[in-house]
Amino acid sequence: KEFLKQVVSRNSILDDYLYEYCAFRPKPLYSLRGILGLIGIIDVYYPDEEQKQDKVLNCVADMIFVSKFSYGEIFTSAVRIQTKTKDADFSANLANSVVEQFFLWEKARNDRAFERTRKYLADTISKAQLDLNKSQQKLREFSLENASLVGESSSFSLQAADENVATVKE
């Protein structure tokens with residue numbers, strides 16, 4: 001429903017046709033229903049804006065047919081979008097609007113997925129950097145406290161630790 005709402009709202013070319021064929025138009029007062037309503041025999045109800053919009057969207061949904069596309073007996077990931085109306089130009093515009101909106105929707109979905117991945121990686125790298133900094137600090141403290149055990153030639157020296165850190169950061 002949201003997808004169709006965006007298809008319809010983004011294309012002003014569709015408005016005239018949709019108003020002509022899909023929009024709610026109350027019965028005229030001179031119709032049998034109008035006369036019976038005027039004299040109070042029956043109650044005449046008019047839909048609210050949401051119901052009117054639902055009517056248009058249901059009408060548009062009835063015009064669109066989506067099916068999987070196959071090449072011979074080979075099924076592909078492509079889909080076929082067909083529209084069926086009394087006006088060929090409107091059908092073409094509607095199909096093009098559906099495709100355009102699909103690509104916009106797909107791009108937005110991919111952008112959201114990319115942003116989630118980027119945020120996850122940034123958080124993970126930040127945590128890893130904090131862990132690395134803590135480990136380096138512990139190594140320095142150990143080296144200072146146990147300088148006599150570690151010695152200058154040991155790989156645990158402060159200089160070696162700093163070189164290892166520089167290598168990791170690269």
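No experiment lies behind these values; they were computed from the predicted model shown.
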> Using a strict cut-off of less than 4.0 Å between a Lys/Arg side-chain nitrogen and an Asp/Glu carboxylate oxygen, indicate whether K119 and D123 qualify as a salt bridge.
yes

> Is any side-chain heavy atom of V60 closer than 4.5 Å to one of L94?
yes

> Answer with yes or no whether the hydrophobic clustering places F3 together with V99; edges join I, L, V, M, F, W, Y residues whose side-chain heavy atoms lie under 4.5 Å apart.
yes

> Could you measure the distance from the CG atom of L130 to the CD1 atom of I125? Nearest 0.5 Å is fine.
12.0 Å

> Determine whether N96 and E100 make a side-chain contact, defined as any pair of heavy atoms from C-beta on separated by less than 4.5 Å.
no

> For residues 104-135, which residue pairs qualify under ring-ring contact (aromatic ring centres under 6.0 Å, His included), counting only residues two or more places apart or in two chains?
F102-W105

> Hydrophobic cluster membership, with links at side-chain heavy-atom distances under 4.5 Å among I/L/V/M/F/W/Y: are V66 and F75 in one?
no

> Report the residues that fulfil side-chain hydrogen bond (donor to acceptor under 3.5 Å, both in side chains) with E2, sequence neighbours left out, ordered by chain and then residue number.
K5

> Membership question, hydrophobic clusters at under 4.5 Å side-chain separation (ILVMFWY): are V98 and F103 in the same one?
yes

> Working to the nearest 0.5 angstrom, can you tell me the gap between K138 NZ and E141 CD?
9.0 Å

> Taking only residues two or more places apart in sequence or in another chain, which ones pass salt bridge (Lys or Arg N to Asp or Glu O under 4.0 Å) with D54?
K1

> Counting C-beta onward and ignoring hydrogens, is there a side-chain heavy-atom pair between L4 and I64 closer than 4.5 Å?
yes

> Could you give all pairs that pass the disulfide (SG to SG under 2.5 Å) test and reach residues 55-146, with sequence neighbours left out?
C22-C59

> Determine which pairs satisfy salt bridge (Lys or Arg N to Asp or Glu O under 4.0 Å) with at least one residue from residues 103-116, sequence neighbours left out, and list them in order.
E106-R109, K107-D111, E115-R118

> Can you pull out every side chain to side chain donor-acceptor pair (under 3.5 Å) where at least one residue sits in residues 71-86? Sequence neighbours excluded, please.
T85-S91

> Quiz question: by atom type and distance under 3.5 Å, do the side chains of N133 and Q129 form a donor-acceptor pair?
yes

> To the nearest 0.5 Å, tell me how far N58 CG sits from M63 CE.
11.0 Å

